[in-house]
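Have a look at the structure below, then the notes.
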Amino acid sequence: MKEVIYTFLNGYAGYASYLWNEITHPGIHNYFYWLIIVSAFFFGLEILKPWRVDQPLLRKDFWLDLFYMFFNFFFFIGDLQCSFRRCSGSFNRIILSVSGFDLKAANPLRSFPLWAILLIGFVVRDFVQWWVHRLLHRVEWLWQFHKVHHSVEQMGFAAHLRYHWMETIVYRSIEYIPLALLGIGLYDFFIIHIFTLSIGHYNHSNFHVSGRVAGTVVGTLVALAINSGMADITLMDSAGWVEKGLLLAAFVLAGWFVLGPWMKKIFNSPEMHIWHHAYELPDDRKYGINFGISLAIWDYIFGTAAIPHDGKDIKLGFLGFEKFPHTFIGQIFYGVK
């Protein structure tokens, strides 16, 4: 256990050099530029087609949320994810020394194709995060930290990463264990995290699309992944441009007609997530509704889903919000006492 704690704490060390390396070395595996690209994309959508047309483009606390976005994503997530491989290795060595069972060698996912590993890792991680999210609302001292995220008054993409630093410790400490048990590696975690980053930005953005459009986007992304050979999918390796074009068209149509009607039930959305931030909750849901991070399906399975009506203009916040600190310094120390 000491080794795990040491490894975790060591993940925070050398942050300045890590951040400088991220900024000065652009690349496909670079969190810094992925965050900028994803954020710019959804900010552009908010400009082109805002859901709340009367909401200012630079909404209330926009710059505060933008600062939170980089502060939380790098200071507490980026460095931890750099140590993800080390934490997984330490966990495996502890299991091996206690039980004699080599978790890494016996892991069935070792023989799985990358697309299966990513899918399983994504679903398991989201399921764990859903329960942690419920915990943040149910346990009073954790709710004090979670209030920072619920202090958003006007929703936008950058609100996704406005949260108390203690949440990172709670989420990562719990979610790393099942991911380590599954043998999810750092590269796998990187892909999953970028995907969930995009969904999280979308859920909080002042923008929305129909389920059919969203299904078409997902179908297109799957087709492009197959065509490019990503995720160890070799279905189209020897295919020509015509076959690849037909595959793309087939997945686009499948996304529109097959996946489209179910998208809002499977994935979280701005229409659903805004109710999670509602100031006034249903009388029988005092601990909250719509806890989904990326997937909405958990809320429908466990009976916590609720969309009373079109909530794009509802009041956001929580009871007692008026007395909550509205500065970064006030918020990061809130709940610590």
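Numbers here simply count residues along the sequence, with the first being 1.
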Check: His273 main-chain N/O paired with Asn203 side-chain donor or acceptor under 3.5 Å: no
Criterion side-chain contact (heavy atoms from CB on, under 4.5 Å) on Ile301 and Trp298, from CA distance to verdict: CA-CA 5 Å; Ile301 291 174; Trp298 311 125; 4.1 Å; yes
Hydrophobic cluster identity match, Val252 and Leu259, side-chain contacts under 4.5 Å: no
Heavy-atom side-chain contact between Met155 and Arg52 under 4.5 Å: yes
Heavy-atom side-chain proximity of Phe62 to Phe157 below 4.5 angstrom: yes
Ring geometry between His193 and Tyr31 (parallel below 30°, tilted from 30 to 60°, perpendicular above 60°): perpendicular
Plane angle bin for His133 and His150 - parallel if under 30°, tilted between 30 and 60°, otherwise perpendicular: tilted
Distance-only polar pair, side chains of His149 and His204, donor-acceptor under 3.5 Å: yes
Residue pair Phe321, Tyr279: steps toward the ring pair (Phe, Tyr, Trp, His ring centres under 6.0 Å) verdict: CA-CA 9 Å; Phe321 166 78; Tyr279 184 90; 7.4 Å; no
Trace of the side-chain hydrogen bond (donor to acceptor under 3.5 Å, both in side chains) decision for Glu167 with His146: CA-CA 7 Å; Glu167 285 197 33; His146 195 48; 2.7 Å; yes
Leu281 side, atom CG; Trp275 side, atom CH2 - distance, nearest 0.5 Å: 9.5 Å
Whether Arg125 side chain and Ile120 backbone form a donor-acceptor pair below 3.5 Å: no
Audit row: Thr304, Arg134, side-chain contact (heavy atoms from CB on, under 4.5 Å) steps and yes/no: CA-CA 10 Å; Thr304 54; Arg134 290 199 67 179; 3.9 Å; yes
Parallel, tilted or perpendicular, as decided by the 30° and 60° cut-offs, for the rings of Trp165 and Phe145: tilted
Any Trp51 side-chain heavy atom under 4.5 Å of Ile274 side chain: yes
Min side-chain heavy-atom separation Trp131-Phe302 under 4.5 Å: yes
Short N-O contact, Lys315 and Glu280, less than 4.0 angstrom: no
Closest non-hydrogen atom pair, Ile314 against Gly311: CG1-O, 3.0 Å
Any Glu46 side-chain heavy atom under 4.5 Å of Gln55 side chain: no
4.5 Å side-chain heavy-atom contact, Ser210 and Met263: no
Within one Ile-Leu-Val-Met-Phe-Trp-Tyr cluster: Tyr287 and Tyr163, side-chain cutoff 4.5 Å: no
Asp65 side chain vs Arg162 backbone, donor-acceptor pair below 3.5 Å: no
Mutual orientation of the aromatic rings belonging to His201 and His160 [parallel < 30°, tilted 30-60°, perpendicular > 60°]: perpendicular
Minimal non-hydrogen separation, Leu179 against Gly121, with atom names: CD2-O, 4.0 Å
Reported OG-to-CG distance for the pair Ser39 and Leu66, which is rounded to 0.5 angstrom: 7.5 Å
Distance in Å, Met272 CE paired with Asp299 CG, rounded so as to fall on 0.5 Å steps: 4.5 Å
Audit row: Thr220, Phe251, side-chain contact (heavy atoms from CB on, under 4.5 Å) steps and yes/no: CA-CA 6 Å; Thr220 303; Phe251 272 87; over 6 Å; no
His137 side-chain N/O to Gly288 backbone N/O, donor-acceptor pair under 3.5 Å: no
Under 3.5 Å: donor-acceptor pair, side chain of Asp61, backbone of Leu64: no
NZ (Lys265) with more than 12 external heavy atoms under 6.0 Å: no
Derivation of the side-chain contact (heavy atoms from CB on, under 4.5 Å) call for Asp310 and Glu271: CA-CA 7 Å; Asp310 184 347; Glu271 304 96 310; over 6 Å; no
Heavy-atom check, side chain of Phe122 versus side chain of Ile191, under 4.5 Å: no
Other residues, nucleotides, ligands: >12 heavy atoms within 6.0 Å of Trp34 CH2: no
Plane angle bin for Tyr202 and Phe207 - parallel if under 30°, tilted between 30 and 60°, otherwise perpendicular: perpendicular
Side chain to side chain, Tyr171 and Leu136, heavy atoms closer than 4.5 Å: yes
Same apolar cluster: Phe42 and Val218, side chain cutoff 4.5 Å: yes
ILVMFWY cluster, Tyr300 and Val128 together (side-chain gap under 4.5 Å): no
Phe328 vs Tyr68, ring pair (Phe, Tyr, Trp, His ring centres under 6.0 Å): CA-CA, chis, key distance, verdict: CA-CA 8 Å; Phe328 174 73; Tyr68 260 116; 5.2 Å; yes
Donor-acceptor pair, side chain of Asn72 and main chain of Leu161, under 3.5 angstrom: yes
Heavy-atom donor-acceptor pair, Gln129 side chain to Ile293 backbone, under 3.5 Å: no
Separation between CZ of Arg138 and CZ of Phe291, rounded to the nearest 0.5 Å: 8.5 Å
Cluster check Leu221, Leu246: I/L/V/M/F/W/Y, side chain < 4.5 angstrom: no
Value rounded to 0.5 Å, distance of CD1 in Ile37 from OG in Ser198: 10.0 Å
Main-chain N/O of Ile307 paired with His309 side-chain donor or acceptor, under 3.5 Å: no
Contact summary for Ser205 and Pro270, nearest pair of heavy atoms: O-CB, 4.1 Å
Contact summary for Ala159 and Val152, nearest pair of heavy atoms: CB-CG2, 3.8 Å
Side chain Asp188, main chain Ile117, donor-acceptor under 3.5 Å: no
Donor-acceptor under 3.5 Å (Gln331 side chain, Val148 main chain): no
Close aromatic pair by centroid cut-off 6.0 Å: Tyr334 and Phe324: yes
Rounded distance [0.5 Å steps], CG in Asp126 versus CD in Glu175: 10.0 Å
